[in-house]
> 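Have a look at the structure that comes next, please.
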Amino acid sequence: MQFSEMYQPRKNNLIFKFFSWYIQFIIKKDFAAFNYNAVEIKSDSSILILANHFSWWDGFFLFYINKKVLKKQFHVLVNAENYTKIGFLKYLGAFAAENKGKDVLETLNYAGELLDNPANLVLVFPQGKLYSNHLNGINFEKGVMQIINASQKKINIIFAATFIDYFAKRKPTVYNYLQRWETEEYVSLQLLKSAYNKHYDQSVVKQNQLIE
C-alpha cells in the first residue's frame, strides 16, 4: 500500500508534549466541567472510536480521554484542509487523504493497518462532516467499514456520544458517553450504524434527564 507521506502523522516529542498539555489546559479553562464514564477494554487490542462530530473541540475531547484513561497511541482521521491548516494536528496523530478516489481508499486502508497494532487508537467521525449537536440520529459514511475490513479485526470498538450544555453556568459542561460494543462476528455498515445510534439515543435520554 502506498499512502502519501505528506498526510501521515509526524513525530516530534516536544510539540506533542506541549499540545498535549495545552489541550488539557484549554478544556479546563473553557469548560465548567468535563464528564465521561469508565469503559472496559481489552488491553491486547487496538481501539477504534466512532464519535459524533459537531464542533472544533471533538477530536480534542477524545484526545483528552485517551490521555487520561485509554492510554493508547492516538490517531485521528481528518480532512486534508484541516490537516494542512491546523499545523500541529499532524503531531497529535492526525492523518488525511490527499485527494479523492484512490487516495481515500489508501488512507482508509492505512487506518485499518494502524488498528493491527494493539498500542494504537484510531478516532473516526463516521458522519464525515460537522453537524448540529441536536440531531435525532447519526449517519455513517461507507469508509468506516473499509477501515474495519482493512484490519485484522482484533479491535475494541468504542462508541462516543458527546453533548454540551450550559444550564446555570457561564461556561458549558461537556458530557461524553462511552460504550464498548461487543462486536458481532459479521459486521455490516447497517449493523454498525444501528448499534451506534442505539447508544446515541440512550445517551440523549440520559442527557435530557440531567437537571441542575
Side-chain angles (χ1 to χ4, degrees), residues 16-17 19-78 89 92-94 111 114-115 118-127 130-138 140 144 147 155-183 192-193 195-212:
F16 177 86
K17 287 181 179 179
F19 281 101
S20 179
W21 166 84
Y22 184 68
I23 288 169
Q24 181 172 323
F25 170 77
I26 60 174
I27 286 176
K28 290 184 177 180
K29 176 177 178 291
D30 289 4
F31 294 92
F34 186 93
N35 299 313
Y36 54 90
N37 60 285
V39 60
E40 292 185 5
I41 62 168
K42 297 176 181 178
S43 59
D44 61 346
S45 299
S46 61
I47 297 175
L48 172 63
I49 296 184
L50 303 177
N52 60 321
H53 196 22
F54 66 92
S55 77
W56 176 86
W57 287 97
D58 300 335
F60 299 140
F61 292 153
L62 275 305
F63 180 91
Y64 179 85
I65 289 175
N66 179 59
K67 177 181 177 180
K68 292 295 183 180
V69 181
L70 302 173
K71 301 184 185 301
K72 297 283 189 177
Q73 185 67 41
F74 185 85
H75 301 83
V76 57
L77 177 59
V78 302
L89 289 182
L92 299 180
L114 286 173
L115 291 170
N120 286 337
L121 176 153
V122 176
L123 167 62
V124 174
F125 301 108
Q127 293 164 284
L130 286 163
Y131 289 86
S132 170
N133 198 199
H134 303 284
L135 292 180
N136 292 325
I138 303 300
F140 272 45
V144 178
I147 293 173
I155 311 167
N156 293 284
I157 295 181
I158 294 180
F159 298 149
T162 307
F163 305 94
I164 289 177
D165 270 308
Y166 281 82
F167 294 109
K169 297 182 176 66
R170 182 176 66 85
K171 295 180 180 180
T173 294
V174 182
Y175 302 86
N176 196 296
Y177 300 93
L178 303 172
Q179 177 195 356
R180 184 169 73 86
W181 184 48
E182 292 294 340
T183 313
L192 192 63
K193 176 183 175 182
Y196 178 88
N197 274 284
K198 182 179 179 180
H199 169 69
Y200 183 83
D201 291 343
Q202 291 171 343
S203 300
V204 169
V205 171
K206 292 177 184 177
Q207 189 69 16
N208 288 336
Q209 291 174 342
L210 295 175
I211 299 174
E212 290 193 4

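What you see below is based on every heavy atom in this structure, not just the backbone, and it leaves out hydrogens, waters and symmetry mates. Remember, it's a predicted structure, so these values are computed and weren't measured experimentally.
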> Can you tell me how far CZ of F140 sits from NZ of K193, rounded to the nearest 0.5 angstrom?
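Going from the NZ atom of K193 to the CZ atom of F140 covers 8.5 Å.
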
> Search all heavy atoms of A51 against all heavy atoms of P126 and return the closest pair with its distance.
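For A51 and P126, the tightest heavy-atom pair comes out as O-CD, 3.3 Å.
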
> Does the side-chain contact (heavy atoms from CB on, under 4.5 Å) test come out yes or no for W181 and L50, once each step is laid out?
CA-CA 10 Å; W181 184 48; L50 303 177; over 6 Å; no

> For the aromatic rings, using the six-membered ring if either is Trp, is the centroid distance between Y200 and F163 under 6.0 Å?
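Ring centroids of Y200 and F163 are less than 6.0 Å from each other.
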
> Verify, without hydrogens or angle tests, whether D58 (side chain) and S55 (backbone) share a donor-acceptor contact under 3.5 angstrom.
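Yes, the answer is positive, given that a donor and an acceptor are paired below the 3.5 Å cut-off.
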
> To the nearest 0.5 angstrom, please state how far the CH2 atom of W21 sits from the NZ atom of K67.
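Rounded to the nearest 0.5 Å, the CH2-NZ separation comes to 10.0 Å.
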
> Is there a side-chain contact between I49 and L121 (heavy atoms, below 4.5 Å)?
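Answer yes - side chains close enough.
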
> Please test N66 against L123 for side-chain contact (heavy atoms from CB on, under 4.5 Å), starting from the C-alpha separation and ending with a verdict.
CA-CA 10 Å; N66 179 59; L123 167 62; over 6 Å; no

> Does the side chain of F125 come within less than 4.5 Å of L130's, by heavy atoms?
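No, their side chains stay 4.5 Å or more apart.
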
> Is there a side-chain contact between S46 and I155, using heavy atoms and a 4.5 Å cut-off?
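When only atoms from C-beta onward are counted, I155 and S46 do touch, with a gap below 4.5 Å.
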
> Should we count NZ of K29 as having more than 12 external heavy atoms under 6.0 Å?
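No, not enclosed.
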
> Please tell me if the side chains of Y175 and T162 come closer than 4.5 Å, counting only heavy atoms from C-beta onward.
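SC-SC contact between Y175 and T162 ruled out.
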
> Within a reach of under 6.0 Å around OH of Y131, are more than 12 heavy atoms found that belong to other residues, nucleotides or ligands?
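Yes, OH of Y131 has more than 12 neighbouring heavy atoms, counting only those of other groups under 6.0 Å.
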
> Specify the closest pair of heavy atoms between A160 and L62, including all atoms of both residues, with the distance to one decimal.
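Smallest interatomic distance, heavy atoms only, reads CB-CD1, 4.1 Å.
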
> Ignoring hydrogens, what is the shortest heavy-atom contact between N133 and F54? Give both atom names and the distance.
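Here N133 and F54 meet closest at ND2-CD2, 3.5 Å.
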
> For K72 and P118, work out which heavy atoms get closest and say how close.
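Of all heavy-atom pairs spanning K72 and P118, the closest is NZ-O, 2.5 Å.
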
> Identify the heavy atoms of I41 and I47 that sit nearest to each other, and give their distance.
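Taking every non-hydrogen atom into account, CD1-CD1, 3.6 Å.
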
> Hey, which of N136, L192, I138 is the one that makes side chain to side chain contact (heavy atoms under 4.5 Å, CB included) with N197?
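The side chain to side chain contact (heavy atoms under 4.5 Å, CB included) with N197 is passed solely by I138 among N136, L192, I138.
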
> Please identify each residue that fulfils side-chain hydrogen bond (donor to acceptor under 3.5 Å, both in side chains) with Q207, with sequence neighbours left out.
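Q207: side-chain hydrogen bond (donor to acceptor under 3.5 Å, both in side chains) contacts with D165, Y177.
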
> Starting at NZ of K171, measure out to OH of Y166 and round the result to the nearest 0.5 Å.
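K171 atom NZ to Y166 atom OH measures 11.0 Å (nearest 0.5 Å).
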
> Between L89 and F19, is there a side-chain heavy-atom distance shorter than 4.5 Å?
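Heavy-atom side-chain distance check fails, nothing below 4.5 Å.
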
> Measure the spacing between CG of D30 and CH2 of W57 and express it to the nearest 0.5 Å.
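Separation between the atoms: 4.0 Å.
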
> If every non-hydrogen atom of I147 is compared with every non-hydrogen atom of L115, which pair is closest and at what distance?
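Taking every non-hydrogen atom into account, CG2-CD1, 3.7 Å.
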
> Is a side-chain N or O of Q73 found less than 3.5 angstrom from the main chain of A119, in a donor-acceptor match?
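Checked: no pair found.
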
> Got a second to check how far S20's OG is from Y64's OH, nearest 0.5 Å?
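Spacing of OG (S20) from OH (Y64) equals 10.5 Å.
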
> Quick one: does I23's side chain get under 4.5 Å of L92's, heavy atoms only?
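A side-chain contact under 4.5 Å exists here.
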
> How many angstroms lie between atom NZ of K68 and atom CD of Q24, to the nearest 0.5 angstrom?
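It comes to 4.0 Å.
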
> I'd like to know whether the aromatic ring centres of Y36 and F61 sit less than 6.0 Å apart in this structure.
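Distance test on ring centres: not under 6.0 Å, no.
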
